[in-house]
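Structure first, commentary second.
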Number of protein chains: 2
Amino acid sequence: MAKNIKSLQRREREREELREQILSAAMNILVSEGYEAVTIRRLANEIEYTPGALYSYFKDKDEIVFALVVRAAQHLNKVFQAQESLPNPLERLWAIGRAYLKFAMEHQEYYDLLFIMSTPIQKISEAEFSEGYTAFIILRQTVGECMEHGYLPRADADVAAFALWSFVHGSVSLMIRKRLAIIPEEKYQDLLHGAYNFLMSSMMPRHHEQPDATLPKPFPKLKDLQKSKKK
Amino acid sequence: MAKNIKSLQRREREREELREQILSAAMNILVSEGYEAVTIRRLANEIEYTPGALYSYFKDKDEIVFALVVRAAQHLNKVFQAQESLPNPLERLWAIGRAYLKFAMEHQEYYDLLFIMSTPIQKISEAEFSEGYTAFIILRQTVGECMEHGYLPRADADVAAFALWSFVHGSVSLMIRKRLAIIPEEKYQDLLHGAYNFLMSSMMPRHHEQPDATLPKPFPKLKDLQKSKKK
DNA sequence: TAAAAAAAATGAACATTGTTCAATAAAAAT
DNA sequence: ATTTTTATTGAACAATGTTCATTTTTTTTA
């Protein structure tokens, strides 16, 4: 009658470990082979279980993918939070933008999952997904401060933050989803970089000169997220 | 020996008609039920043939989808070309942007296909896809003229056009792919509209006041492109 | 420690996808 | 009319996510 609480705790812990194993395998496959390769059978194989077993750890595939989205969001949030120490809001705004571009281009698979893919996002509105807002809130805060300092025209901070986010998101998502066939791929680095400086400078004063060292050059080769289906 | 050229022409024509039927059905289903519903068997059913028959009209599904992309591009091009009559480049630039937003929000399925989805885009780099560039070329031309008139800072026209494109693309794709859960959907209209005016005005002088009548209000309800799989 | 209960994992199925291909039907050429 | 060419079918295949009765393993109880 008195359940052995020790073994129950251990079971709980082991379940958590296996969940972690599944997600970890999913992350690895996502990064190394692209989203298409992240399949239930593949994951089951990876953790040496049978496909059906996964369904006692996750309700369905969407739940797995959503967990990956959360991780990607946490990753981005760290990047954003690392910029918060910069005291000058204009400088911080520029830095946030650069960090965003860097994150997107260096972790295209995460970025795609987080901001482009359709799959697991229905849930986001329902589920608790505070991780998804953090970055935006930091951006909005910074934009607001920029307005106070006269670096940006006064306007609704939501609107202005959305505008800037739209710009950087548009840039990287056009690249990731390969809508720039007009432009040779060698120019992507310059294009992204140039557009960022052009638009940002046009909108607001340039902060004190800063080397673009935080932008990796050259960007990692754009991996084909939609890998060959045929073997 | 002398093949009946009459009947050959007719056969050719009939094949073309069936091809057209397939694509037309695909467009209808795409718009009314979303991309997920555009399936080989569904299309076969629609034209009252067997699934396998489609493969004598199209190499594979990607070829069908690519044909839809081309149509979507032609649609957008018409919208862009309609703006070319505006003599003042600044005014034209604003109009092009507004037309782009309108197109995207009123034809989200086409837009998604054209600029967001992964599926059929590998081919674009290879295939002849002049339709895909037309709109960008018009934009770049206008941006160039704006620079000449001093409406925009002088810079590489490719870079500047890409920057502006990125912005509007980012806006609509964040909406279409539902990454704005922070913001209530009723505000989308104001958000899009406000961000456009904010960013454009910050970058360049506002052209003579123009009612925003070309932006539909309210925007059509965002349809769930990733419809319910389960019935 | 042995039996009973609970939990976990399997394995085989199902319904969908896109796609192929030998066999058949239809149409055109001889 | 026969032959040849073309078009269409229908059945299969592989791969996807998912379910569920059965079996195995683990835990609890006696």
Side-chain angles (χ1 to χ4, degrees), chain A residues 1-19 21-22 26 29 33-66 68 118-120 122-123 226-231, chain B residues 1-19 21-22 26 29 33-68 117-120 122-123 226-231:
Chain A
M1 194 172 281
K3 295 188 201 169
N4 188 341
I5 203 147
K6 263 304 192 31
S7 70
L8 201 150
Q9 286 179 329
R10 196 207 51 208
R11 243 188 20 248
E12 195 65 26
R13 176 159 39 83
E14 282 173 348
R15 279 189 71 83
E16 192 44 55
E17 276 167 16
L18 194 46
R19 248 184 90 98
Q21 265 189 62
I22 293 168
I29 297 169
E33 303 176 43
Y35 181 78
E36 304 255 288
V38 180
T39 174
I40 297 288
R41 282 173 180 76
R42 176 68 192 281
L43 290 175
N45 207 60
E46 212 74 22
I47 64 170
E48 300 179 285
Y49 278 68
T50 264
L54 297 226
Y55 288 84
S56 98
Y57 292 86
F58 295 94
K59 180 177 150 286
D60 55 18
K61 193 186 176 182
D62 273 3
E63 198 169 294
I64 297 177
V65 175
F66 181 70
L68 301 186
S118 317
T119 317
Q122 288 108 321
K123 318 198 142 182
Q226 55 275 22
K227 284 259 169 54
S228 51
K229 299 179 188 181
K230 350 237 156 162
K231 42 181 172 198
Chain B
M1 196 172 281
K3 294 187 200 167
N4 188 340
I5 204 146
K6 263 305 195 22
S7 70
L8 200 150
Q9 285 179 329
R10 195 208 52 207
R11 250 194 7 255
E12 194 65 26
R13 177 162 37 83
E14 283 173 349
R15 280 189 71 82
E16 191 44 53
E17 277 168 14
L18 194 47
R19 249 184 89 98
Q21 266 189 60
I22 294 168
I29 297 169
E33 304 178 41
Y35 181 78
E36 305 254 289
V38 180
T39 177
I40 296 289
R41 282 173 179 78
R42 177 69 192 282
L43 290 175
N45 207 59
E46 213 72 22
I47 63 170
E48 299 180 286
Y49 278 67
T50 263
L54 297 224
Y55 289 84
S56 98
Y57 292 86
F58 294 93
K59 180 177 150 286
D60 54 17
K61 193 186 176 183
D62 273 4
E63 198 169 293
I64 297 177
V65 176
F66 181 71
L68 301 185
M117 278 191 46
S118 317
T119 319
Q122 288 107 322
K123 319 198 143 182
Q226 55 274 19
K227 285 258 168 53
S228 51
K229 300 178 184 178
K230 350 238 156 164
K231 44 184 166 189

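So you know, we letter chains A, B, ... as the sequences are listed, proteins then strands, and number each from 1.
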Worksheet entry | Residue pairs fulfilling salt bridge (charged side-chain N to carboxylate O under 4.0 Å, His left out) with at least one residue in residues 49-58 of chain A, sequence neighbours excluded |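 Counting only pairs at least two positions apart or across chains, no salt bridge (charged side-chain N to carboxylate O under 4.0 Å, His left out) contact touches residues 49-58 of chain A.
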
Whole angstrom is fine here: how far is it from [atom1] in [X] over to [atom2] in [N]?
{"X": "B:Lys61", "N": "C:dT16", "atom1": "NZ", "atom2": "P", "value": "15 Å"}
{"X": "A:Leu54", "N": "D:dT16", "atom1": "CG", "atom2": "P", "value": "13 Å"}
{"X": "A:Arg11", "N": "D:dT25", "atom1": "CZ", "atom2": "P", "value": "17 Å"}
{"X": "A:Glu36", "N": "C:dG18", "atom1": "CD", "atom2": "P", "value": "13 Å"}
{"X": "B:Lys59", "N": "C:dT20", "atom1": "NZ", "atom2": "C1'", "value": "13 Å"}
{"X": "A:Phe58", "N": "D:dT19", "atom1": "CZ", "atom2": "C1'", "value": "18 Å"}
{"X": "B:Glu12", "N": "D:dA7", "atom1": "CD", "atom2": "C1'", "value": "14 Å"}
{"X": "B:Glu48", "N": "D:dT9", "atom1": "CD", "atom2": "P", "value": "10 Å"}

Worksheet item: Mind checking what makes side-chain contact (heavy atoms from CB on, under 4.5 Å) contact with B:Arg41, not counting sequence neighbours?
Response: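 So B:Arg41 forms a side-chain contact (heavy atoms from CB on, under 4.5 Å) with B:Pro51.
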
Practice prompt. Could you pull out all residues at least two apart from A:Glu46 that satisfy side-chain contact (heavy atoms from CB on, under 4.5 Å)?
Written response: A:Ala25, A:Ile29, A:Arg42

Worksheet item: Does a sphere of radius 6.0 Å around CD in B:Glu48 hold more than 12 heavy atoms from other residues, nucleotides or ligands, not counting ones at 6.0 Å or beyond?
Response: no

Worksheet item: Residues in salt bridge (charged side-chain N to carboxylate O under 4.0 Å, His left out) with B:Arg15, at least two apart?
Response: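 With sequence neighbours excluded, B:Arg15 shows a salt bridge (charged side-chain N to carboxylate O under 4.0 Å, His left out) to no residue whatsoever.
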
Worksheet item: Under the salt bridge (charged side-chain N to carboxylate O under 4.0 Å, His left out) test, which residues partner B:Glu17, sequence neighbours left out?
Response: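 Salt bridge (charged side-chain N to carboxylate O under 4.0 Å, His left out) list for B:Glu17, sorted by chain: empty.
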
Item to complete: Tell me what A:Tyr49 touches on the nucleic acid: a base, only sugar-phosphate, or nothing, going by heavy atoms under 4.0 Å.
Response: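 Sugar-phosphate only.
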
Item to complete: Verify the contact: side-chain N or O of A:Tyr57 to OP1 or OP2 of C:dA9, cut-off strictly under 4.0 Å; return yes or no.
Response: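 Checking C:dA9 against A:Tyr57, a side-chain N or O does come within under 4.0 Å of OP1 or OP2.
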
Worksheet item: Does any residue of residues 37-47 of chain A have a heavy atom under 4.0 Å from DNA chain C, and if so, which ones, in number order?
Response: A:Arg41

Worksheet item: With distance as the sole test, does A:Asp62 use its side chain to make a donor-acceptor pair with the main-chain N or O of A:Val65 at under 3.5 Å?
Response: no

Discussion item. Heavy atoms from C-beta onward define the side chain here; which of C:dA9, D:dT18, D:dT9 lies closest to that of A:Ser56?
Written reply: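 So the nucleotide nearest the side chain must be C:dA9.
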
Item to complete: Just compare C:dA9, D:dT19, C:dT10 and give me whichever is closest to any side-chain atom of A:Tyr55.
Response: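 The closest nucleotide is D:dT19.
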
